[in-house]
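What follows is a set of notes on a single structure, which appears directly below.
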Amino acid sequence: MESEAKKWGNGLVNGCQLESETPTNITIKGILGLLMANIDDESKRRVISLGMGDPSVYSCFHTAAVAEESVVDTLRSERFNGYSPTVGLPETRRAIADYLSRDLPYNLSPDDAFVTSGCTQAIDVALSSLVHPGANILLPRPGFPIYELCAAFRHLEVRHFDLLPEKGWEVDLDAVEALADHNTIGMVIINPGNPCGNVYTYQHLKKIAETAKRLKILVIADEVYGHLAFGRNPFVPMGVFGSIVPVLTLGSLSKRWIVPGWRLGWFVINDPCGVFTNPKIVERIKKYFDILGGPATFIQAAVPRILQQTEEVFFEKTINILKQSSDICCDLIKEIPCITCPHKPEGSMAVMVKLNLSLLKDISDDIDFCFKLAKEESVIILPGLTVGMQNWIRITFAVESSSLEEAMGRVKSFYHRHSNQQNGY
Ligand SMILES: *Cc1c(COP(=O)(O)O)cnc(C)c1O
């Protein structure tokens, strides 16, 4: 029995090239779990996590009242206890198409929008429905590890292009040109950025579109943080450039409405010129949806009202809190010599921060820093290696300001204790 199980298990692991310790095997949830396990039971009570982008635990990040009412009403109506079409309820697809069309120079059709179980499933749909033997995909570094994990399961080769911290985390487009070949299915951009907190300008997005057009590859635009921009640059959806190059837009309610547990996302084809969309590919995507299941029907049914009736004051409040907490975060980073932030966040909920190990006497790398910090200070921060950048860390600032101040204060004490400078200065 045991050897049989082992055989099957190994087959699966090897088949998916998910050998342990390979970077494809690192997930944010996995590493945060290990960091938490490293904290003593008595200290667990005082844990502050700046690790995961889920601010729903803080009362200041409460979702909009209309969102809750809408879900209660659709649930109580008893009209949405059955299955929905696998691609999503027609009214939900229409609402998503209309919501995204508000910011586009053309109108999306309900047939362009597919309802997914969060943005996570939209990522899987994009990669799984495009893959073919020998295919590769271009992913940003630093990035969001679900893409690497999904690619590994689908036998999709990953090629990384760098995001450039000195240029506000813009895409290294020369690298993209050098990496792409006739087997490249697309390039992924995440805007507003996770893990970097950057927001791309209209001009940069246009350059990305023109590069992708030249290379004949799609742009997969992860806009799960869409509209969560609070800096100089307004949020511009990649779909604006859909007539230059076909764009697959991935999004969800999770971040803008602060309800990641509702598992409601979308996969949307922006292709006003019909370059990508042909009956065969659409058929393939629809077939793939038949094996997914999708989110709960009553949540889908609540979407039209949520997208149409959420008040501007709710969005403004969230943006204000995020701006304020990112300011607090950056100010506190400046007080801790061993960490520096090359680019102040302008959107999303996280920022990449560089570690200066030469100021620390007994810390070997970002993983060591985060594990010791968790153990000694009960503060959880994500090691940069998890998102592809060694000796950096990702700080999530979507946290109540008192917790953020307390956590950063503890990072400061940690620095003083491990500093190799006299008195830690
Ligand atoms: C949170 C996140 C996702 C996943 O979104 P869900 O709707 O929670 O599945 C995808 N991409 C990025 C960049 C994210 O930060």
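Just so you know, ligand 1 is whichever comes first in the structure, and atom 1 is the first atom listed for that ligand. The analysis underlying the following values was restricted to heavy atoms, covering all of them including side chains, and did not include hydrogens, waters or symmetry mates.
- By the 4.0 Å N-to-carboxylate-O rule, Asp41 lies close enough to Lys44 to be salt-bridged with it.
- Contacts with ligand 1 closer than 4.0 Å are made by heavy atoms of both the backbone and the side chain of Cys119.
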N/O donor-acceptor pairs under 3.5 Å from side chains in residues 177-185, not counting sequence neighbours:
from   : atom 1 : to     : atom 2 : distance (Å)
Glu177 : OE2    : Arg214 : NE     : 3.4
Glu177 : OE2    : Arg214 : NH2    : 2.6
Asp181 : OD1    : Asn136 : ND2    : 3.0
Asp181 : OD1    : Asn183 : N      : 2.8
Asp181 : OD1    : Thr184 : N      : 3.3
Asp181 : OD1    : Thr184 : OG1    : 3.3
Asp181 : OD2    : Arg159 : NH1    : 2.9
Asp181 : OD2    : Arg159 : NH2    : 3.2
Thr184 : OG1    : Asn136 : OD1    : 2.7
Thr184 : OG1    : Asp181 : N      : 2.9
Thr184 : OG1    : Asp181 : O      : 3.2

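- Within 6.0 Å of the NZ atom in Lys216, the count of heavy atoms belonging to other residues, nucleotides or ligands does not exceed 12.
- Using a 4.0 Å cutoff on heavy atoms, Met349 does not count as a contact of ligand 1.
- Distance from atom 2 (C) of ligand 1 to its nearest protein heavy atom, with residue and atom name: Lys255 NZ, 2.5 Å.
- Which parts of ligand 1 touch Gly118 is read off a 4.0 Å heavy-atom cut-off, strictly below it: atoms 7 (O), 9 (O).
- Under the 4.0 Å criterion applied to side-chain N and carboxylate O atoms, Asp172 and Lys167 are not assigned as salt-bridge partners.
- Near Ser252, meaning under 4.0 Å from one of its heavy atoms, ligand 1 places the atoms 7 (O).
- Using a 4.5 Å cut-off on side-chain heavy atoms (C-beta onward), Pro165 and His343 make no contact.
- Ion pair Asp98/Arg102 not flagged as a salt bridge, since none of the NZ, NE, NH1 or NH2 atoms sits closer than 4.0 Å to an Asp/Glu carboxylate oxygen.
- Residue contact check: Asp222 has heavy atoms under 4.0 Å from atoms 10 (C), 11 (N), 12 (C), 13 (C) of ligand 1.
- Counting the atoms of ligand 1 from 1 in the order shown, those under 4.0 Å from a heavy atom of Val224 are 2 (C), 5 (O), 11 (N), 12 (C), 13 (C), 14 (C), 15 (O).
- From the protein, the heavy atom lying nearest to atom 8 (O) of ligand 1 is Arg263 NH1, 3.1 Å.
- Near Ser254, the atoms of ligand 1 lying under 4.0 angstrom from a non-hydrogen atom of the residue are 6 (P), 7 (O), 8 (O).
- Residues Thr310 and Trp257 have side chains in contact (heavy-atom distance under 4.5 Å, counting atoms from C-beta outward).
- When Asn194, Thr120, Asp54 are ranked by how near their heavy atoms come to atom 4 (C) of ligand 1, first place goes to Thr120.
- Looking only at side-chain heavy atoms (C-beta outward), Phe144 and Leu139 stay at 4.5 Å or farther from each other.
- Between Gln121 and ligand 1 there is no heavy-atom distance shorter than 4.0 Å.
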